[in-house]
K.L.:
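Dropping the structure in here first, questions after.
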Amino acid sequence: MAQIIDGKAIAARLRERVAAETAVFREETGVTPHLAAVLAGEDPASAVYVRNKQRACEKAGLRSTSHRLEDGASQEELLALVERLNADADVHGILVQLPLPEQIDETAVLDAVSPLKDVDCFHPENVGLLSQGRPRFQPCTPAGCQHLLTEAGVSTEGAHVVVLGRSEIVGKPMAMLMLQKGEGANATVTVCHSRSRDLAAITRQADILIAALGKPRFVTGEMVKPGVVVIDVGINRTDDGKLVGDVDFASVTTKASAITPVPGGVGPMTIAMLLQNTLTAARLQVNGSSPAPEQRASGSTGRRSPPGG
Ligand code: NDP
């Protein structure tokens, strides 16, 4: 039977570490890191997510405020709110809870968040820095998956990591993290999506399989090889109200060497990473310091001028 990777316990330890570092930061600077959450519309799930994030902030000694706009709010109103928060020196991190109401252009709003306050790591500048191996912020869910692998003692060095899904929030940054030079990365990465042919032939090659498709119990035991390590990012609600992942836990667990459960796997990590990024944002704005050493990929970027450049 597979080792169960306990995301709840690992996230709790990470939150404790962030709380301890936050206490030191407050002591040294007199500043409390402050996360501002923007919630537009009446989506009940979003309201719950924002409340959970705020509660986690408060428990770790960070300040959190929420900024609500009505369902019918215009793009201008939302952009004006983001601009106010950008300009407020007391706010260090800005989180825009997705999805936004349909009349609002999500990309325009996310691009408007100051890159120094972009604790979700969605801004093109931060995505670019990440892809060059010098991240300012860690993409929360993918970094949570990486942390789970490290804490479970899974070596990614030279491993074939197959990522199912190519979204901007999970799949792409996940692949990017695994591809970096340095510890917890250095993997050979394959990214699959809805147009990939013969998916099972690819997933069976995975030493580490990261599923982020949003399809309940999609990955079955026949799609994996014995000994695989499985990280299940999916959160899906079944008709009977149960939460299930993108992986069919029952059949995959008999073949895997380690697997994350749903719930209690990746989910708790996302919030812990958000707290960590809020502290990083406060450090950047108050001290102007670069990210903590463990957040930086090691080695040269290997960049060269293009021929003739
Ligand atoms: P998206 O819907 O944005 O992306 C899904 C990806 O899966 C797409 O790239 C899509 O391909 C691909 N895909 C869909 N169906 C198939 C298929 N049959 N075969 C191969 N690829 C397929 O989802 P997200 O990335 O935002 O989220 C994925 C899951 O992770 C969801 O269940 C979500 O709830 C969960 N999630 C969990 C978080 C956590 O904290 N634990 C945080 C964020 C998300 P294509 O691009 O071609 O459409």
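When a ligand or atom number is given, it counts from 1 through the structure's own listing order.
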K.L.:
Can you find an N or O of Arg166 that's nearer than 3.5 Å to an N or O of ligand 1?
P.N.:
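Yes, at least one N or O pair falls under 3.5 Å.
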K.L.:
Report the part of Met269 in contact with ligand 1, treating N, CA, C, O as backbone and CB onward as side chain, heavy atoms under 4.0 Å; options are side chain, backbone, both, neither.
P.N.:
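Looking at Met269 and ligand 1, no heavy atom falls under 4.0 Å.
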K.L.:
Is the shortest distance from a Lys or Arg side-chain nitrogen in Asp90 or Arg63 to a carboxylate oxygen in the other one below 4.0 Å?
P.N.:
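Yes, Asp90 and Arg63 are salt-bridged.
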K.L.:
Between Gln75 and Ala108, which heavy-atom pair has the shortest distance, and what is it?
P.N.:
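That closest heavy-atom pairing would be NE2-CB, 3.5 Å.
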K.L.:
How close does the nearest protein non-hydrogen atom get to atom 15 (N) of ligand 1, and which residue and atom is it?
P.N.:
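Protein heavy atom with the smallest distance to atom 15 (N) of ligand 1: Lys215 CE, 3.3 Å.
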K.L.:
For atom 42 (C) of ligand 1, find the nearest protein heavy atom and state the residue, atom name and distance (0.1 Å precision).
P.N.:
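Nearest protein contact, heavy atoms only, for atom 42 (C) of ligand 1 is Thr141 OG1, 3.4 Å.
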K.L.:
Is there a donor in the side chain of Thr280 and an acceptor in the side chain of Asn277, or the other way round, less than 3.5 Å apart?
P.N.:
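Side-chain D/A pair, Thr280 to Asn277: absent.
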K.L.:
Closest approach of Met178 and Gly184, non-hydrogen atoms and distance?
P.N.:
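Here Met178 and Gly184 meet closest at CE-O, 3.4 Å.
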K.L.:
Where is the nearest protein heavy atom to atom 4 (O) of ligand 1: which residue, which atom, and how far?
P.N.:
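Nearest neighbour among protein heavy atoms for atom 4 (O) of ligand 1, to 0.1 Å: Ser167 CB, 3.7 Å.
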K.L.:
Under 4.0 Å, heavy-atom basis, I'd like to know which part of Thr270 is in contact with ligand 1: side chain, backbone, both or neither.
P.N.:
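Side chain only.
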K.L.:
Among all protein heavy atoms, pick the one closest to atom 21 (N) of ligand 1 and tell me residue, atom and distance.
P.N.:
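Result: His193 C, 3.0 Å.
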K.L.:
Judged on heavy-atom distance to atom 36 (N) of ligand 1, which of Ile169, Val233, Val262 sits nearest?
P.N.:
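Checking each option, the heavy atom nearest atom 36 (N) of ligand 1 is found in Val233.
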K.L.:
May I ask you to check whether Thr65 and His67 show a side-chain donor-acceptor distance below 3.5 Å?
P.N.:
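There is such a pair between these side chains.
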K.L.:
Hey, mind stepping through Gln138 and Leu177 against side-chain contact (heavy atoms from CB on, under 4.5 Å) and telling me if it holds?
P.N.:
CA-CA 9 Å; Gln138 297 287 331; Leu177 276 186; 3.7 Å; yes
K.L.:
Can you tell me the protein heavy atom closest to atom 10 (C) of ligand 1 and the distance?
P.N.:
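It is Ser194 N, 4.2 Å.
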K.L.:
Just let me know how Leu164 lines up against ligand 1, side chain, backbone, both or neither, with a heavy-atom cut-off below 4.0 Å.
P.N.:
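No part of Leu164 is near ligand 1 at this cut-off.
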K.L.:
Could you go step by step and tell me if Leu62 and His34 meet the side-chain contact (heavy atoms from CB on, under 4.5 Å) rule?
P.N.:
CA-CA 6 Å; Leu62 293 97; His34 175 182; over 6 Å; no
K.L.:
For atom 22 (C) of ligand 1, find the nearest protein heavy atom and state the residue, atom name and distance (0.1 Å precision).
P.N.:
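Protein heavy atom at minimum distance: Leu213 CD2, 3.3 Å.
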K.L.:
Considering only non-hydrogen protein atoms, determine which one is nearest to atom 18 (N) of ligand 1 and report residue, atom name and distance to 0.1 Å.
P.N.:
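Going atom by atom, the protein heavy atom closest to atom 18 (N) of ligand 1 ends up being Phe218 CE1, 3.4 Å.
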K.L.:
For ligand 1, which part of Ile235 has a heavy atom less than 4.0 Å away: the side chain, the backbone, both, or neither?
P.N.:
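Both of them.
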K.L.:
Would Ser257 and Gln3 satisfy side-chain hydrogen bond (donor to acceptor under 3.5 Å, both in side chains), going step by step from the backbone distance to the final call?
P.N.:
CA-CA 6 Å; Ser257 60; Gln3 169 201 350; over 6 Å; no
K.L.:
Who are the side chain to side chain contact (heavy atoms under 4.5 Å, CB included) partners of Thr270, not counting sequence neighbours?
P.N.:
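Result, side chain to side chain contact (heavy atoms under 4.5 Å, CB included) vs Thr270: Cys140, Thr141, Val266.
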K.L.:
So, does Gly267 sit close enough to ligand 1 that a heavy atom of it is under 4.0 Å from the ligand?
P.N.:
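Gly267: in contact with ligand 1 (<4.0 Å).
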K.L.:
What are the two closest heavy atoms between Thr260 and Asp232, and how far apart are they?
P.N.:
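Of all heavy-atom pairs spanning Thr260 and Asp232, the closest is OG1-N, 2.8 Å.
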K.L.:
Please, which pairs that meet salt bridge (Lys or Arg N to Asp or Glu O under 4.0 Å) have at least one residue in residues 140-156, sequence neighbours excluded?
P.N.:
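The answer is Arg13-Glu151.
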K.L.:
Which heavy atom in His160 sits nearest to a heavy atom in Thr190, and how many Å separate them?
P.N.:
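What the structure gives for the nearest pair is NE2-OG1, 2.7 Å.
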K.L.:
If you count the atoms of ligand 1 from 1 in the order shown, which ones are under 4.0 Å from a heavy atom of Gly165?
P.N.:
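Contacts of ligand 1 toward Gly165, numbered from 1: 6 (C), 7 (O), 9 (O).
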K.L.:
Counting non-hydrogen protein atoms only, what is the nearest one to atom 29 (C) of ligand 1? Give residue, atom name and distance.
P.N.:
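Result for atom 29 (C) of ligand 1: Gly214 N, 3.6 Å.
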K.L.:
Just going by heavy-atom distances, which of Ala212, Gly171, Pro216 is nearest to atom 28 (C) of ligand 1?
P.N.:
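Among Ala212, Gly171, Pro216, the closest heavy atom to atom 28 (C) of ligand 1 belongs to Ala212.
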K.L.:
Can you sort out which atoms of ligand 1 are near Asn236, meaning under 4.0 Å from one of its heavy atoms?
P.N.:
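Within the 4.0 Å cut-off of Asn236, ligand 1 contributes 32 (O).
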K.L.:
Pick whichever of Ile202, Asp246, Val170 has a heavy atom sitting closest to atom 44 (C) of ligand 1.
P.N.:
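Of the listed residues, Val170 has the closest heavy atom.
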